[in-house]
**Q** 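Supplied in structure tokens, the structure appears directly below.
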Amino acid sequence: MPELPEVETVKRSLSGKLIGKEIRDLEIYFSGNIRRPDPLLMGEMIRGKKFLGIDRRGKYLIFTLSEDLALVVHLRMTGQLLYVDAAFPKDKHTHLVFSLSDGMELRYADLRKFGTFDLIPLSELPQLKGLAQLGVEPLSGDFTVQWLDQMLQNKNRSIKNVLLDQTIIAGIGNIYADEILYEGGIHPETIACNLTEDQVRQLWQATVKLLNLGIEHRGTSIRNYVDGDGRQGGFQELLKVYGRRGEPCVRCGSPIGKTKVQGRGTYYCPNCQPKV
DNA sequence: CTTCGATCCTGAGAGC
DNA sequence: TGCTCTCAGGATCGAA
Ligand SMILES: [Zn+2]
């Protein structure tokens, strides 16, 4: 499912293609993903607007459009944005098609229909629910060991729970959380405020390393993730614990374990990530 | 403050 | 073969 590295990859794959292009038309096959405006009004609202920029915040994509509009997209689990020729066959789960001035189409497909679209005035961007509550960007200068240490002081819940909390750190999902904790040698159920200074430093390093590595490999295609060109990522080959229950740990050979944390499937090495 | 369960949805895989 | 069941999960909400 798209997490920070995947959304970043989608952003990069689309930015060179969309910026400067005008939206000529919008075809809606399924409107359930559209939160704002009323789906009936979206076509009229977006027609004739140009893409001015694409940004990422956490797992959100923010398309800046002409006339002070913003299109905010969250792909959730199975959302895909594809820049393709209009003649290219449509995926069965294609819900939205934006026809562009260059004869190409920006298509939105979403098997599970959980993704969201918000087309709003740019001025309302800072107040958009979900987006407005996002915490620190883990690949920005705001994410420091000091900040992390301070933040964890009063978190009396599992460290995995904290990593998944988008209002604290924006962009980490289930797969990268498990990989980060494995890399840091930290059991996912460790109470956050009990982490040692050394563990906090390990956690910080692992977070930056794994997210960057994910981006370098153009994301993780564990289910149906592809970028704006329909290309799969490569990071799934490098996953060390996620989805590997029973397989030997690459570091120590112990079988990878699986448990549930916060209702999420959670993979870890019982030996390299001892429970305290 | 915290966890927990339900909700949205569909397809893959298991079990029979 | 084909049915039913479980599982997967990001974000949000209400309840405990
Ligand atoms: Zn190990």
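Just so you know, these numbers use all the heavy atoms, side chains as well, and skip hydrogens, waters and symmetry mates. Small disclaimer: the values here were computed from a predicted structure and weren't measured.
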**Q** How does each nucleotide of nucleotides 5-16 of chain C score, in 5' to 3' order, for protein heavy atoms under 4.0 Å: base (B), sugar-phosphate only (S), or none (-)?
**A** ---BBBBSS---

**Q** Check the orientation of A/Tyr242 and A/Tyr267. Use parallel for under 30°, tilted for 30 to 60°, and perpendicular for over 60°.
**A**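 Correct class here is perpendicular.
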
**Q** So, does A/Asn271 use its side chain to make a donor-acceptor pair with the main chain of A/Ser254 at under 3.5 Å?
**A**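 Looks like no, no N/O pair under 3.5 Å.
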
**Q** Please classify the nucleic acid contact of A/Asn161 as base, sugar-phosphate, or nothing, using heavy-atom distances under 4.0 Å.
**A**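 Counting heavy atoms under 4.0 Å across all strands, the contact made by A/Asn161 is with sugar-phosphate only.
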
**Q** Taking atom NZ of A/Lys240 as the centre, does the number of heavy atoms from other residues, nucleotides or ligands within less than 6.0 Å exceed 12?
**A**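 Check fails, neighbour count at 12 or below.
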
**Q** Just by distance, with hydrogens left out, do A/Glu6 and A/Tyr176 show a side-chain donor and acceptor under 3.5 Å apart?
**A**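 Yes, A/Tyr176 and A/Glu6 have a side-chain donor paired with an acceptor closer than 3.5 Å.
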
**Q** When rounded to the nearest 0.5 angstrom, what distance separates NZ in A/Lys17 from CG in A/Leu14?
**A**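 If I round to the nearest 0.5 Å, the distance is 7.5 Å.
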
**Q** For a salt bridge (Lys or Arg N to Asp or Glu O under 4.0 Å) check, start with the C-alpha distance between A/Arg218 and A/Asp227, then their side-chain angles and the critical distance, and finish with the verdict.
**A** CA-CA 8 Å; A/Arg218 309 178 59 264; A/Asp227 71 8; 2.4 Å; yes

**Q** Distance under 4.0 Å to a non-hydrogen atom of chain A counts as contact; along DNA chain B, which nucleotides mark the start and end?
**A**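 First-to-last contact on DNA chain B, by the 4.0 Å heavy-atom rule, is B/dT2 to B/dG11.
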
**Q** May I ask you to decide whether A/Asp25 forms a salt bridge with A/Arg47, counting only side-chain N to carboxylate O separations under 4.0 Å?
**A**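 Between A/Arg47 and A/Asp25 there is a salt bridge, with a charged N closer than 4.0 Å to a carboxylate O.
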
**Q** A/Ile34 and side-chain contact (heavy atoms from CB on, under 4.5 Å): which partner among A/Leu119, A/Thr116, A/Asp118, A/Leu96?
**A**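 Exactly one pass, corresponding to A/Leu96.
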
**Q** Under a 3.5 Å distance rule, please check whether A/Arg36 uses its side chain to pair with a backbone N or O of A/Ile120 as donor and acceptor.
**A**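 The answer is no, because no donor-acceptor pair under 3.5 Å joins these two groups.
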
**Q** Does A/Thr167 reach a base, just sugar-phosphate, or nothing at all? Heavy atoms under 4.0 Å.
**A**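 No contact.
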
**Q** If you fit an axis to the five pairs at each end of the helix from B/dT2-C/dA16 to B/dC16-C/dG2, how big is the angle between those two axes, to 10 degrees?
**A**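 The two end axes of the helix from B/dT2-C/dA16 to B/dC16-C/dG2 meet at 60°.
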
**Q** With rounding to the nearest 0.5 Å, note down the distance linking CG in A/Leu134 to CD1 in A/Ile168.
**A**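 Interatomic distance, A/Leu134 CG to A/Ile168 CD1, rounded to 0.5 Å: 12.0 Å.
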
